[in-house]
Each structure stands twice: as structure tokens, then as C-alpha cells.
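Below: the structure, in C-alpha cells.
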Number of protein chains: 2
Amino acid sequence: MADTARRPEPRYGTRPTMKDVAARAGVGLKTVSRVVNGEQGVTPDTERRVQEAIDALGFRRNDSARVLRKGRTASIGLVLEDLADPFYGPLNRAVEEVARAHGALLINGSSAEDPDREQELALALCARRVDGLIVIPAGCDHRYLEPEIKAGVATVFVDRPAGRIDADAVLSDSFGGARSGTAHLIAHGHRRIGFVGDLPRIHTASERLRGYRTAMAEADLAIDDAWVSLGTTAPDRVREAVTAMLAAPEPVTAIFAGNNRVTVTAVRVLAAHHRPVALVGFDDIELADLLDPGVTVIAQDAAALGRTAAERLFHRLDGAADAPSRVVLPTRLIARGSGEIPPPADG
Amino acid sequence: MADTARRPEPRYGTRPTMKDVAARAGVGLKTVSRVVNGEQGVTPDTERRVQEAIDALGFRRNDSARVLRKGRTASIGLVLEDLADPFYGPLNRAVEEVARAHGALLINGSSAEDPDREQELALALCARRVDGLIVIPAGCDHRYLEPEIKAGVATVFVDRPAGRIDADAVLSDSFGGARSGTAHLIAHGHRRIGFVGDLPRIHTASERLRGYRTAMAEADLAIDDAWVSLGTTAPDRVREAVTAMLAAPEPVTAIFAGNNRVTVTAVRVLAAHHRPVALVGFDDIELADLLDPGVTVIAQDAAALGRTAAERLFHRLDGAADAPSRVVLPTRLIARGSGEIPPPADG
DNA sequence: GTGAAAGCGCTAACAG
DNA sequence: CTGTTAGCGCTTTCAC
């Protein structure tokens, strides 16, 4: 107590350096460095003295300085769409686990589906000299990353491919998934099937639409323009779109929902609707099995997406210099009831 | 093409520096620094020349070096339990938004509810010299952070308080929420109420248990040991606990679930049970309103938790040196049906 | 086994 | 308006 009163607290933000530790232990700077990094060639006695000084001073190595000298930061960046979206949680976590296994930290941020923000964030990460970058693209033009990639920032795109540059990508089979989901509805007797998707500039959204169109064409079914609605996944927008499809003179008897956000809103609208309408959603959602009817979905493995992308990234960091690759992971149809509802007898 | 063949590609990982830019533009180093940082006092003509050199060389400022010189990294660390847990998504995102508004990046990682991993992660972030740290504690002893805090790392704990040190904390009212949720079940006629919670060493878990006990005591209801189960939130463990409570000779007629993970599993078990059992869960869960019955919950505002903690952090970084504070955010009971199921007439 | 000196790329402080 | 010098805290190199 008296001690505290007499001697001023160490200035905030001032931390002991290796030099301070060296002075206190009565050794050279390099010896401290050796001890801190567990290098060979230090007498047990010297080591003990250094360690005491470290503890007494509360020293912790400044990795910023270390990075500057060594050139690698042992950190990777992840740009995703929204940290709060449950779909990206497992992906994020999977990337983290791989990074951790390689001794790297993860810096991440949300683009909020805004291309400018994506670029701002990705370039900020490059300025921090992350060793590698994993990007879930919001934009369609990634030429802004070319100098960075050339300079050695390993870059892998996940969930959606890069635009206008050639780069590694790890994707889910959006086309195939949407095609099989739509075919599933057709197999259950539906002819008028609606498609509610995300913004058309988003690669996954357009691929899923293409899958839907393909399945319809394969069954020789024409598509009425009124059955297709693309736009943001804001609940109001989706609610309106679904409601309109159901209120038409010849209403759709089934709906294919383009992603998890859309599915959730579609479930809400259909629950309040006066007659059963079939539904298949892209992406699995929690508790989907407990709803009545259970929600039939095209599930993708978000964790596998993240893990595969991160592994590819570290493979590159380990020196792999092969041509950019594109990995496509399969999706899986999980039938739970909503996708097996038949069309009305009079439909 | 011929050009590529003749001149070797720039070595991977070698990037131009301000010195290179200066040489190319024929100006001094400091002038480049001025242009890069948008400082005053550069002739438009000089600026243009520098900018041309920057573009030609693909220069990007190395923030690692900048950090070393300036002392602040403009980044904060967030240690949470699991990036994949939907409860932490909105919290994470809220922290990110505040950080972004202050020009800071977010480095985050999962402790996986392991105190050692929490410590390892937090100290790694300190070594990176994050300006501040937001921690959702897994452990109960945070004295390991004392030297860091003394050295100027602003630290705020969120969701759970720090152990054995005095530090800022932002919490939800776990005690009050659990108490009112239990009281809600009592008000609907229940006398034998089960409590299924998380590991007792977790502060929120013990507080919620205390709330449950208090509500029971206030209604003069004794608690049978068999009605209380604490442990991990692993589905198997929870399933077993709930099943046991329902299979007892005098089974519980209602269950209070201690968090979102527990609630989800409890809903599954109850859905398969032969008679209706009331349920109130802590934390809201998606689609809870669409289940039959809807799940009555004690909702907490995860985004507000994150936002408040981050604001507190930046307040400290702006120099606030007042005593550590504890903020407790209210919870809200949302009645949806499951919590209003009466006990069986013969019960 | 140990330490002194140089330098990573940048910014702060001061000259010109 | 522009440039030079020093140094942030560490690792690398090389000498002792």
C-alpha cells in the first residue's frame, strides 16, 4: 500500500522490452531472445536468471516487432458476409480450427453483402500482412486483389467463386442441389413450382435458379415469370414474394426457397396459409425436423466448406504452387415432410 | 509473354516498401509517407508522381511496421466460447460493428469452454498487442491477465464476469430471468419443476440455478435433488437428464432449460414424450414461435451485450479510468405456449 | 555459451 | 514544401 503511494504506477501502455529484461538479468539482448523462444544454448543458470527477470517485469514478447522482422504474421483473414448468420458460424469455426492447428490466429469481419466493404476489409487485412485470406465474396470483381496475390498473399474463395480473377475456390453444388430439390417436388406431382432466391448477382443464387430452371425443363414444364422472385433475403421482401405467388389465379403448389433466410420466412408464411403448400429449402436450419410438417431441405456442409478452404490455404502457404483449383462439395436432400406434400387434388 | 519469360517473377513474399516508391518517384521517404497517409503539404504534382509509383509497384503500406512505431494496433481481440454457437453470432457481429466504427479490426477465437485454451488465446492476443480485449470467460481465474491490464490492455468481460480480478463486465440478468421463468411455471400450477443446466462452474449456469431455487423457495416448494441436473450441454447428456426426470415415480410436470443448447434438446425429448410437459428455456431460439407448442423463453439481447461491452472497451481506450463497472441487462419472458401448459389433472 | 551490431518498414522530430 | 535522421522491439548474423 505505502509502496503504491510512493512509487508511481508504471505508465499505461509502457511495457518492458527484451532490453529491459536483459538489463535486469544482467545478460545480453540475444540471450533473452533465446530464452523467450526456447532456443538451445543457454546455461540452466542463465536461463533461470532471465526467467526471473521476465516474471518480475511482466514481460511478454511483442509479436508486432517479431512479425516485422520475420515477415510472417501467423494470422489469416476471413471475410464473410455476416458473422451473425447461423450458416456461417460452423464455417467460421472450422476455419478457426484449421488455423489453430497451424498456429495462426484468425482476423475476421463481415462484408454485409456490400462489395465496397468487402474490398475495404480484404485490403485492410492485406495491409496487416495476414499470411492468407479466405473470402466469401460479396462483389463480382476481385481484380483489386491481384497485386496482393502476386505479392504472396495466399487467397482462397469459399461458398462463391472469385470474379474476374483466377483463384482457388471451394463451393457447394448449388446447381445440382437446386436441381434435385426441384426434381423432388416434381416427382411428388407438382407442376407449378415457385422459386424465391437471393440477389441474382450472387453466384450461389443464380446457380440455384439455373438448377431450378433445368429441373423444370427436364420435366418439360414451362415456368411462369410470376413464379420466380429474386431479391434480398429481407423478411418483408420474401413475405411479399411468397404471398404473391400463393394469391395468383393459378397459384403455385410448391416453393423452392433459395437459402436459409428465405426458408425461415417461407415457413412462417406457409404456416399461416389456408391450404398446404409444399416446400423445399436450400441449407439446413435448426429445429427443421420438429416443425409440422418437418422442413425438407438441401443440406450443405458449411463446416466442410470452411475446413476444405482453410486446408487449401495452408497448403498454399506451405509452398504449393499448382494452378488454382475449384472444389465442389456435394449437397444432400433431407426429406422431412414439407417437400413430400402432394399438390391439391383440384390443382 | 516474352517479357515474363525473360524477367523472373518478383519473389513471392517480397513487397515494395516506401523506400522503393520513393526511389521510383524520385522523392524522399517522408514524402511518400505523407501521400500514403493523406497528410498536408505535398504539391499536387509531387503527389501525382508518388501515386503513379505506388500504382506501378503495387505498393501497400505495411501496417505491422506502422503498429510497431505508433504503439497502437487498431485491433481488438474477442475470446468467445464457440464461433459456431448461434447465441454468439449476434454478439460477435455487434462487437465487430462497434470496432469498425472506431476503425479497428477484430481478431477472434473460440475457447471451446476450456480455461487453458481461453488463457492461451487471450495471451496470444496480448502478444499481438491488441488495444483491447473482450472475453467471454471459460475459466474462473483471470489473474493471468493482471499484468496485461496493468500494461494498458483494456479488458471487458461479457456474458460472464471475470474470476478473481476486478474488471468491467457486461452481463444478462441470469438470476432474475431464471427466477421469473420458474415463477411463470409455478403460476401456471406446476409444483414439480425440473432444472437442466450447464456446468456449475459457469457463472451464468449457477446464477440461473440460483434463480430457479429462489423462485421455488418463494413459493414454498421443496426441490427434489432428482429434479436438478447440471453438466455439459451435449445432447446425449441433456437427453438422459430430461428422460430421467420424466420417468421418475413422481415425474416433473415442467422443465426449465438453462440455455439455448439445452432447450433444443429438451424440445426434442418432449416432442416424443407421451404426455404434455411444460417448458421454459433460457435464450431465444430461431423458429421457437413455429413449433407446436411455441417455446416460451427468457430472451436475452445478445447483440446489446456485445455492443455494450465493445462501447465500454472503446470508452476505456479513449482514456476513461473510472473504477471497473458491472452492467446487467434485463431479460424478457416471451410466452409462446410451452410455458403455459398446465400440469396434468392427476398430477 | 554469449553478445554486439545491423536492419525489418514505418513514423516522429526536426532540418532545410 | 520536402528530406534526413533516429528508433519502435525484435531476429539475424557473425564475432567472441
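Lettering follows sequence order; numbering is per chain, from 1.
Side-chain nitrogen and oxygen atoms of B:Thr46 include at least one within less than 4.0 Å of the OP1 or OP2 phosphate oxygen of D:dT2. Note on A:Ser33: a side-chain N or O is less than 4.0 Å away from OP1 or OP2 of D:dT11.
One can find a donor-acceptor pair under 3.5 Å joining the base of D:dG3 and the side-chain atoms of B:Arg34. No donor-acceptor contact under 3.5 Å links the side chain of A:Arg69 to the base of D:dT12.
Residue contacts for B:Asp63: at a heavy-atom cut-off of 4.0 Å it reaches no nucleic acid atom on any strand shown.
Here chain A contacts DNA chain C (any atom closer than 4.0 Å to a heavy atom, that is under 4.0 Å), and the contacts span C:dG1 to C:dG9 from 5' to 3'.
At a cut-off of 3.5 Å, with distance as the only test, no side-chain donor of B:Glu148 or B:Thr155 sits close to an acceptor on the other residue. Using a 3.5 Å distance cut-off with no hydrogens or angles, the side chains of A:Arg128 and B:Asn62 do not pair a donor with an acceptor.
Remark: A:Ile136 CD1 to A:Leu91 CG distance equals 5.0 Å, nearest 0.5 Å. The structure places CD of A:Gln119 at 12.0 Å from OG of A:Ser111, a figure rounded to the nearest 0.5 Å.
Positionally, the nearest nucleotide of DNA chain C for A:Lys30 lies more toward the 5' end than for the other of B:Asn62 and A:Lys30.
Below 30°, between 30° and 60°, or above 60°: for A:Phe314 and A:His102 the angle between ring planes is below 30°, a parallel geometry.
Separating the CG atom of B:Leu29 from the C1' atom of D:dG3 is a distance of 9 Å, rounded to the nearest angstrom.
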